[in-house]
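Numbering of ligands and ligand atoms starts at 1, following listing order. Because the structure is a prediction, the values reported are computed rather than measured.
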Amino acid sequence: MRIYLSRPHMSGHEEARVAEAFASNFVAPLGPQLDAFETAVADYLGGGLHCVGLSSGSAALHLALRIAGVGPGDEVWISSMTFAGGIFPVNYLGATPRFFDLDPASWTMDTAILADELERAATENRLPKAIVPTDLYGQSVDLDRLESLASRYGVRLIVDSAESLGASYAGRRKAGTGGDAAILSFNGNKIITTSGGGMLVTRHKDWADEARFLATQARDPAPHYEHSTHGYNYRLSNICAAIGLGQMQVLDDRVARRRAIFARYQAALSRPGIAFMPEPEGMHSTRWLTALTIEPDVTGVTRDDIRLKLLEHRIEARPLWKPMHLQPLYAGAPYHGTGVDERLFANGLCLPSGSDMTEDQQDEVIGHVLNLLEGHHAVRHTAQ
Ligand SMILES: *Cc1c(COP(=O)(O)O)cnc(C)c1O
């Protein structure tokens, strides 16, 4: 590939931080850089939250669900359109997912459908243990509504904010501050990266303490190794945290750049039959990936025509996340919705959106897409 969907984008601040970690010999999953990275993210998010650096976003979700008490026989209610790492931890714990559709106005979990199902489940005494909505492509879920539903029914709320660090909700809250806990990812393709890594963000101090305990093999206080439950080796490396410290210095620039890339695509490619992911009033998405849909009946071009044309030029584009209720793994799992997510998946495409993309690279992507769209119109015109 010459142009990737989303590449790691170093700022130049990272290597000095990594050198500091080496100088202190904290080449381990603990150390001053890890502490400082947790503090930097907590300070950025504000509001007295506790942050625990972990080896991945999926590890963070696994711990959050376990601390929420999720186990065999429990249900977890989850956005169907998400990435595998945002659902597999439900399986690790032997729980069962129930999938929810998106609201077409925001492409995040449809809270009206959720509210109806919570009401029904409450009367039938089968409420879920936790709800896990996804901040899709960097757009915050409806935090006020979800938090009020979760507290009304006594259900835990864990927000998958893996794609939304740097986004905000209703102009007054940052993404990653929601629910009982939120999870962040610092995988190589995310807004900022630690090469691989994640974080649990929680307002509950006891959840943060429990996460640190479980992430370091659940060692009870004793001079020898004493265990009364099983844990995991999930702490973030101090070296990786040092990379994260450098990346935190440029987080807002990275989000601004992704938003500018989205705006440029939108200005160049908007036309009947092409719709960009909406951003409701007051929302400030990271626009992690520029996501759009192409109606073949209107444009004469399919999502795959565009994807394959770009691939010919070694440019990476990808369909939107395939909804989990359509995956072989989850065949037959309960799903509530009207197929908004299915239609987005059928016609949806993510364009290259890395914050290190140059304008020339972006113009190249736009040029290929316009050639296809306009070439098609020319043919149709001649035929008439
Ligand atoms: C990236 C991602 C995750 C998982 O994060 P990892 O750090 O890759 O484990 C979870 N959910 C969503 C929506 C993601 O995009």
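- Take E279 and apply the salt bridge (Lys or Arg N to Asp or Glu O under 4.0 Å) test, not counting sequence neighbours, and it matches R259.
- Sorted pairs that involve residues 341-365 and meet ring pair (Phe, Tyr, Trp, His ring centres under 6.0 Å), not counting sequence neighbours, are lacking altogether.
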Identify the protein atoms, limited to N or O, that lie within less than 3.5 Å of an N or O atom of ligand 1, and list each pair with its distance to 0.1 Å.
unit_1   : atom_1 : unit_2 : atom_2 : d
ligand 1 : 5 (O)  : S185   : OG     : 3.3
ligand 1 : 7 (O)  : G57    : N      : 2.7
ligand 1 : 7 (O)  : S185   : OG     : 2.7
ligand 1 : 9 (O)  : G57    : N      : 3.3
ligand 1 : 9 (O)  : S58    : N      : 2.9
ligand 1 : 9 (O)  : S58    : OG     : 2.4
ligand 1 : 11 (N) : D160   : OD1    : 3.3
ligand 1 : 11 (N) : D160   : OD2    : 2.7
ligand 1 : 15 (O) : E163   : OE2    : 2.6
ligand 1 : 15 (O) : K190   : NZ     : 3.2

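- Scored by the side chain to side chain contact (heavy atoms under 4.5 Å, CB included) test, A222 finds H224, E226 as partners (sequence neighbours excluded).
- Across C51 and V201, no two heavy atoms sit closer than the pair SG-CG2, 4.1 Å.
- Ring planes of Y232 and H230: perpendicular class, angle over 60° (limits at 30 and 60°).
- Between F99 and Y330, the ring-plane angle classifies as perpendicular under the 30° and 60° cut-offs.
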